[in-house]
Amino acid sequence: MSAFLANHTRTHNCGALRATDAGAQVVLTGWVQSSRDHGKAVFIDLRDRDGKTQLVFDEAFDPKALEVGKDLRSEWCIGITGEVRSRGTMVNDKLSTGAIEVWVKSIEVFSKSDTPPFSIEDAIDTNEQVRLKYRYLDLRRPKLQKSLMTRSKITRLTRQYLGDNNFLEMETPFMVKYTPGGARNFLVPSRLNPGEFYALAESPQIFKQLLMVAGFERYFQIVRCFRDEDLRNDRQPEFTQIDIEMSFVNEAILQKMMEGLVTKLWKEILDVDIPAPFRRMTYAEAMAKYGVDKPDLRCDLELCEVTEACKTSAFKIFEDAIAAGGIVKALRIPANPALTRKILDGLPDFTKSFGAQCAWVKVGEGGVWTGGLKGFAESARDEVNRVAGAHSGDTILFVANKAKVANATAGALRLFIGDKLGLIRKGEWQFMWLIDPPLFEIEDGHVAAAHHPFTSPRAEDEELLETAPERVLARAYDLVLNGNEVGGGSIRIHRSDLQSRVFAALGISEEHRKAKFGFLLDAFKYGPPPHGGVAFGLDRLAMLISNSDSLRDVIAFPKTQKGSDLMTDCPTHVSQKQLDELFIQLKPDLPI
RNA sequence: GGAGCGGUAGUUAAGUUGGUUAUAACGCCGGCCUGUCACGCCGGAGGCCGCGGGUUCGAGUCACGUCCGCUCCGCCA
């Protein structure tokens, strides 16, 4: 029991005091950021989640306090009482509280600290491995404190906005029936049902649709989702979605509602006015101009396709790629700012990971090329220059490959070069809706759902379901921000005849439909409303709005790229007894 | 499943063609100092060079394997 807390209540946070508070008697609590011992006086920076305040321990003011003050070390947790004094002309501009300091009268050391493995400050170059092991210390750093406070603000504002618009916050199960297709699921063994497993929900998709059937009309949930896929800088095995579903809506109504949410977040958190409605761009346009379905519109560079021109180029590599069913994508880079030889020489390394190569030429007077593509036919060259809009001094990059690879590579090159040349405008917020994506993904003749099998095709494309499924576009939309997919959704199918036709196009037999989605199909027999929804990636939104580089900066306890938690050392092996209880036998040839 | 980069005091890094006692900065410990705020000055401690075996008279250094972390491709309906 702390005598200090029995007699004192904190009066201010460490970022609160100003010149006008001079003379006040205050109580502060926090952690020792740093200490500067001058013999007969000690200066301490006291830190809490709100900021820093300089404490003064002075022999003449209070010798007993000074004695304790001399012993204080980094990250000790203390409480003090004292008097606010103006610093006069010796203001510290770096602190919001820099106009004042607190002269300490009494102090209690709540707890001492071992020397931390790294210092608790933003300008830190410590390995992430060490930081993750001591995550509770890393989280003391002001930047992470601020990011997680911003995250909290997002969820608070979201609840407020959706609540004001008559959405109900409802929960759905995490432990669900395993349904194949889509992301890999984490499995949870059932002790009460030996040999059977739950799956951790990769999304509440089906349940939120059933809530629409149940007549709740407007649902949302800020919900954890689980996917057992390989991880990235912007992908964690468990992540949080702002999950939303509405009945009796079309795309326009739903998107407008969501634009209201997003603009509110940016206004209230960053005081930035995002113009709405957001730009709409078709999937086809995005792929053509940017090579990806999530264009970063902060960069004006655009791709173009030069397959036709290259067919008669007499340039064998391109002609072979085209003959094999591939395409040639080109990226024109204007003369200024200059594209250095060093950047160009770095391109092979960059494109290698995409399984592609790229070629480049410098355009000279009269459209003449130098650099690469020796022997390229002149007429084809002139046509490429025309399509690309190339002028003397420009550089043109080429990627010839299968459409998927060529687009991905050229799209990535666009941003790589854009970044190197400073052509990505920092500080802009480029929102857009990506619309009209294909309903199906077709690879090697196999038809799969591009989104999920309950996504509605466009009415005008329904007739193509049986004849040309590859041309059917979906009533789906992604919200894209600065090249990041921050949300996605669709208008769902609510007519069982249409659902049957989509299942048929996917090659899912009657029998399979029943086994996998029987309960949903049954539910749809009982007057389902037309409905649609969207899910936002809360972590990505928080990452972007807080200007963080990694998802790990906006998740309190994130996992590594291999899905482990370095602080708790998880996952772990379990005892034979636990396995026996679950009737699970490990294979003898585990790769460990 | 694949590619690349990294792992040396608490932290961040340097470490030459393989060769005496593995350096530095910050941090830490002790001493001095009343105006610092990246305090200053003096002194000091601190190392399984990720791990394993291999080549060698000799390995932080070379080759191999392995573990861990990061970035990316595939993957993420």
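Computed from a predicted model, the values in this text were never measured in an experiment.
- Per the geometry, CZ belonging to A:Phe416 stands 13 Å off P belonging to B:rC73, to the nearest Å.
- Residue A:Arg36 contributes atom CZ, which lies 11 Å from atom P of B:rG40 at whole-angstrom precision.
- Counting non-hydrogen atoms under 4.0 angstrom, A:Arg131 reaches nothing in the nucleic acid.
- When the ring pair (Phe, Tyr, Trp, His ring centres under 6.0 Å) test is applied to A:Phe61, the partners found at least two apart in sequence or on another chain are A:Trp103.
- Residues that satisfy the side-chain hydrogen bond (donor to acceptor under 3.5 Å, both in side chains) test with A:Ser550, not counting sequence neighbours, are A:Asn233.
- The base of B:rG74 sits with one of its N or O atoms less than 3.5 Å from a complementary donor or acceptor on the side chain of A:Asp230.
- Residues that satisfy the ring pair (Phe, Tyr, Trp, His ring centres under 6.0 Å) test with A:His452, not counting sequence neighbours, are A:Phe454.
- In this view, A:Ser35 satisfies the side-chain hydrogen bond (donor to acceptor under 3.5 Å, both in side chains) rule with no residue, not counting sequence neighbours.
- Here A:Thr568 pairs with A:Asp565 under the side-chain hydrogen bond (donor to acceptor under 3.5 Å, both in side chains) rule; sequence neighbours left out.
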Show the distances under 3.5 angstrom between N or O atoms of the protein and N or O atoms of nucleotides 33-35 of chain B.
| from | atom 1 | to | atom 2 | distance (Å) |
| --- | --- | --- | --- | --- |
| B:rC33 | N3 | A:Asp37 | O | 2.7 |
| B:rC33 | N4 | A:Asp37 | O | 3.1 |
| B:rC33 | N4 | A:Asp37 | OD1 | 3.1 |
| B:rC33 | N4 | A:Asp37 | OD2 | 3.4 |
| B:rU34 | OP2 | A:His38 | O | 3.1 |
| B:rU34 | OP2 | A:Lys40 | N | 3.2 |
| B:rU34 | N3 | A:Asp58 | OD2 | 2.9 |
| B:rU34 | O4 | A:Asp58 | OD1 | 3.4 |
| B:rG35 | N1 | A:Glu101 | OE2 | 2.8 |
| B:rG35 | N2 | A:Glu101 | OE1 | 2.6 |
| B:rG35 | N2 | A:Glu101 | OE2 | 3.2 |

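- Summarising the base pairing, B:rC5 is matched to B:rG69 through a Watson-Crick or G-U wobble pair whose two defining distances lie under 3.5 Å.
- Against RNA chain B, the stretch residues 400-415 of chain A makes heavy-atom approaches under 4.0 Å through A:Lys404.
- Legend: residues meeting ring pair (Phe, Tyr, Trp, His ring centres under 6.0 Å) with A:Phe186, ordered by chain and number and at least two apart, are absent.
- Within residues 469-489 of chain A, no residue has any heavy atom closer than 4.0 Å to RNA chain B.
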I'd like a list of close polar pairs between nucleotides 2-5 of chain B and the protein, N/O only, cut-off under 3.5 Å.
none

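- Judged by atom type and distance alone, A:Arg235 reaches the base of B:rC75 through a side-chain donor-acceptor pair under 3.5 Å.
- With A:Asp37 contributing its side chain and A:Gly39 its backbone, the two residues share a donor-acceptor pair below 3.5 Å.
- Evaluation of the salt bridge (charged side-chain N to carboxylate O under 4.0 Å, His left out) test over residues 477-487 of chain A, restricted to residues two or more places apart or in two chains, returns none.
- Residues meeting the ring pair (Phe, Tyr, Trp, His ring centres under 6.0 Å) test with A:Tyr198, sequence neighbours left out: none.
- Separation of the P atoms belonging to B:rG15 and B:rA9 is 15 Å when rounded to the nearest angstrom.
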